[in-house]
J.: 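Below is the structure I would like to discuss, written out as structure tokens.
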Amino acid sequence: MRTTHISSFLSDKNLNSDFRNIAQKVIKKERITFNEGIRLFDADLSFLGSLANHIRQEWHGDKTYFNRNIHIEPTNICVYDCKFCAYSRLLKHKQEGWEASEEDILNQVRKYKEQPITEIHIVGGVHPKMGLNYFANLIKKVKEIRPDIHVKAFTAVELDYMCRKAKVSYKDGLSILKKHGQDSLPGGGAEIFDEKIRGEICNDKCTSSQWLEIHETAHNLGMPSNATMLYGHIEEPRHLIDHMERLRKLQDKTGGFNTFIPLKFRNGNNQMSNIEEVSIIADLKMYSISRIYMDNFPHLKAYWPMIGRDTAQLSLGFGVNDIDGTIDDTTKIYSMAGAEEQTPELTTEQLVKLIKAVGRHPIERDTLYNVVKDYKDIIFENEKERSY
Ligand code: V47
Ligand code: SF4
């Protein structure tokens with residue numbers, strides 16, 4: 001995929017002086033400021049794309065990562081009532097939701113016993129009866145079936161609830177989970193950190209500072225994590241930059257984040273269905289601005305089940321170096337909110353072809369970005385059929 005090189009923009013005498021300064025900073029690997037971050041929202045997609053692509057190339061060259069994981073969602077019963085959530089069912093509407101038994105969950109893991117997956121991603125609703133001890137023992141049993149598997153589990157929202165309910169500090173709660181086999185934390189529950197916007201879209205779950213404290217505690221215990229940001233609803237550019245600023249500061253302190261994942265708000269079947277979804281152009285701008293602003297996050301991920309495989313493929317030209325590929329993505333959180341992929345499944349072969357089709361070098365990774373398999377020289381049947 002060809003993107004205009006930054007130098008072409010810099011040689012344009014009519015380039016706005018703010019954008020010229022930002023481009024020069026990017027070339028010199030200097031950090032851009034909060035106000036410059038906000039200014040980026042006024043720039044053209046082509047300009048943003050060239051900056052983001054330059055940064056991606058500097059970090060990763062042609063390498064584009066995917067992994068093989070499964071999602072386990074123990075329940076969608078949730079004590080919270082986030083307005084954007086199409087997935088959860090309040091406890092009072094319990095009969096409309098699901099609660100998997102421990103045996104159901106372990107059977108799901110057993111199904112993949114011989115499969116070459118490297119990660120199990122466990123998240124769900126916040127169920128008042130599924131607490132810290134239940135999940136610690138569950139993880140232990142998952143590891144007994146698959147000792148080699150990486151368990152990435154529980155958003156900060158779930159962790160905050162289970163620690164408070166068990167009356168333990170975040171440090172003690174996370175230490176117990178770690179001892180039982182939890183390896184890292186996913187990035188969910190961050191939404192948008194601005195307190196006013198957070199109060200309007202999800203006022204009853206953990207606060208922004210609690211989210212950040214949980215991730216900081218995890219990093220200090222040697223558990224890495226990801227961070228997400230929900231965009232395209234009632235927020236404004238300054239709220240998005242504020243969100244990224246808080247993450248960038250924490251990353252300076254701990255270095256424990258692997259990946260930043262901007263999540264596009266989908267408006268199906270939720271209390272915010274009146275809000276129109278943003279365009280693909282806005283998605284690509286969001287990826288680019290994220291790549292430019294988050295200068296200390298090594299990876300930028302496009303979560304393809306949400307935006308669809310075509311936009312995910314396009315995003316590779318706008319700063320993204322990771323497609324959350326799976327062999328069997330069983331998550332329901334997006335399909336229930338009207339995501340592009342209703343039955344999100346991509347085979348490794350399809351993922352590899354999708355990455356190679358834009359001239360990138362596909363690498364299967366584990367959660368920590370160790371190389372599991374390099375697909376550069378592995379040619380699948382019909383791969384060369386369409387070269388345009
Ligand atoms: O926190 C819920 C989001 C998140 C909607 O860490 C919605 O590797 C858009 O965080 N429209 C959970 N987004 C999922 C998540 C995640 C996914 C994939 C990989 C990783 C990782 C993390 O889903 C929630 C919320 O921000 N979400 N409803 C919606 N209607
Ligand atoms: Fe519950 Fe998470 Fe849905 Fe909020 S986003 S209602 S915390 S499942």
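We count ligands from 1, going down the list as the structure has it; atoms in each ligand are counted the same way. All values below come from the heavy atoms of this structure, side chains included, with hydrogens, waters and symmetry mates left out.
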J.: Check whether any side-chain N or O of K143 sits under 3.5 Å from a backbone N or O of G181 as a donor-acceptor pair, and report yes or no.
T.: yes
J.: Does M272 come within less than 4.0 Å of ligand 1, judged by its heavy atoms?
T.: no
J.: Using the benzene-type ring in the case of Trp, are the ring centres of Y231 and F265 under 6.0 Å apart?
T.: no
J.: Just by modelled atom types, is the L221 backbone N or O under 3.5 Å from a matching donor or acceptor in the K178 side chain?
T.: yes
J.: Backbone or side chain, does any N or O of F84 fall under 3.5 Å from an N or O of ligand 1?
T.: yes
J.: Are any of the N or O atoms of L263 closer than 3.5 Å to those of ligand 1?
T.: no
J.: Please list, in number order, the atoms of ligand 1 under 4.0 Å from a heavy atom of K301.
T.: 8 (O), 21 (C)
J.: Could you tell me, atom by atom, which parts of ligand 2 come under 4.0 Å of a heavy atom of C82?
T.: 4 (Fe), 5 (S), 6 (S), 7 (S)
J.: Taking only heavy atoms of C85 into account, list the atoms of ligand 2 that are under 4.0 Å away from them.
T.: 3 (Fe), 5 (S), 6 (S)
J.: Assess the pair F9 and F47: is the distance between their ring centroids shorter than 6.0 Å?
T.: yes
J.: Give the atoms of ligand 1, by number and element, whose distance to some non-hydrogen atom of F265 is under 4.0 Å.
T.: 9 (C), 11 (N)
J.: Report yes or no: do T259 and Y369 form a side-chain donor-acceptor pair below 3.5 Å?
T.: yes
J.: So for ligand 1, is H71 a polar contact partner (N or O within less than 3.5 Å, distance only)?
T.: no
J.: Looking at E235 and H233, would you say the former's side chain and the latter's main chain have a donor-acceptor pair under 3.5 Å?
T.: yes
J.: Under 4.0 Å from any heavy atom of N270, which atoms of ligand 1 are there?
T.: 30 (N)
J.: Could you check whether atom NZ of K285 has more than 12 heavy atoms from other residues, nucleotides or ligands sitting under 6.0 Å from it?
T.: yes
J.: Do ligand 1 and K205 have nitrogen or oxygen atoms that lie under 3.5 Å from each other?
T.: no
J.: Within ligand 1, which atoms have a heavy atom of N226 less than 4.0 Å away?
T.: 6 (O), 8 (O), 21 (C)
J.: Just jot down the ligand 2 atoms closer than 4.0 angstrom to any heavy atom of C78, in number order.
T.: 1 (Fe), 6 (S), 7 (S), 8 (S)
J.: Looking at L230, which atoms of ligand 1 are within less than 4.0 Å of one of its heavy atoms?
T.: 7 (C), 9 (C), 13 (N)
J.: Check V123 against ligand 1 and report side chain, backbone, both or neither, counting heavy atoms closer than 4.0 Å.
T.: neither
J.: C85 versus ligand 1: do any nitrogen or oxygen atoms come within less than 3.5 Å of each other?
T.: no
J.: Counting heavy atoms only, which of E119, E191, M306 is nearest atom 24 (C) of ligand 1?
T.: E191
J.: Could you check whether S50 and H5, counting side-chain N and O atoms only, form a donor-acceptor pair closer than 3.5 Å?
T.: no
J.: When you measure from the heavy atoms of G189 to every atom of ligand 1, does any distance fall below 4.0 Å?
T.: yes
J.: Applying a 4.0 Å heavy-atom criterion (strictly less than), which segment of K152 is in contact with ligand 1: side chain, backbone, both, or neither?
T.: side chain
J.: Can the ring centroids of F297 and F257 be said to lie less than 6.0 angstrom from one another?
T.: yes
J.: Assess the side chains of N269 and Y87: does a donor N or O sit below 3.5 Å from an acceptor N or O?
T.: no
J.: N/O of H121 under 3.5 Å from N/O of ligand 1, yes or no?
T.: no
J.: List ligand 1 atoms under 4.0 Å from P186, heavy atoms only on the residue side.
T.: 6 (O)
J.: Any N or O of Y303 that comes nearer than 3.5 Å to an N or O of ligand 1?
T.: no
J.: State plainly whether the residues E102 and K141 are in salt-bridge range, i.e. N to O under 4.0 Å.
T.: yes
J.: Give the atoms of ligand 1, by number and element, whose distance to some non-hydrogen atom of T228 is under 4.0 Å.
T.: 10 (O)
J.: Any idea which part of T259 is under 4.0 Å from ligand 1, heavy-atom wise: side chain, backbone, both or neither?
T.: neither
J.: Which of the atoms in ligand 1, numbered in the order shown and given with their element, are less than 4.0 Å from a heavy-atom of I261?
T.: 6 (O), 8 (O), 20 (C), 21 (C)
J.: Would you call T155 a ligand 1 contact, heavy-atom distance under 4.0 Å?
T.: no
J.: Counting the benzene-type ring for Trp, do H299 and F260 have ring centres under 6.0 Å apart?
T.: no
J.: Do the ring centers of Y375 and H361 come within less than 6.0 Å of each other?
T.: no
J.: Between T75 and E99, is any side-chain donor less than 3.5 angstrom from a side-chain acceptor?
T.: no
J.: Quick one: does any side-chain atom of D252 pair with a main-chain N or O of K249 as donor and acceptor, under 3.5 Å?
T.: no
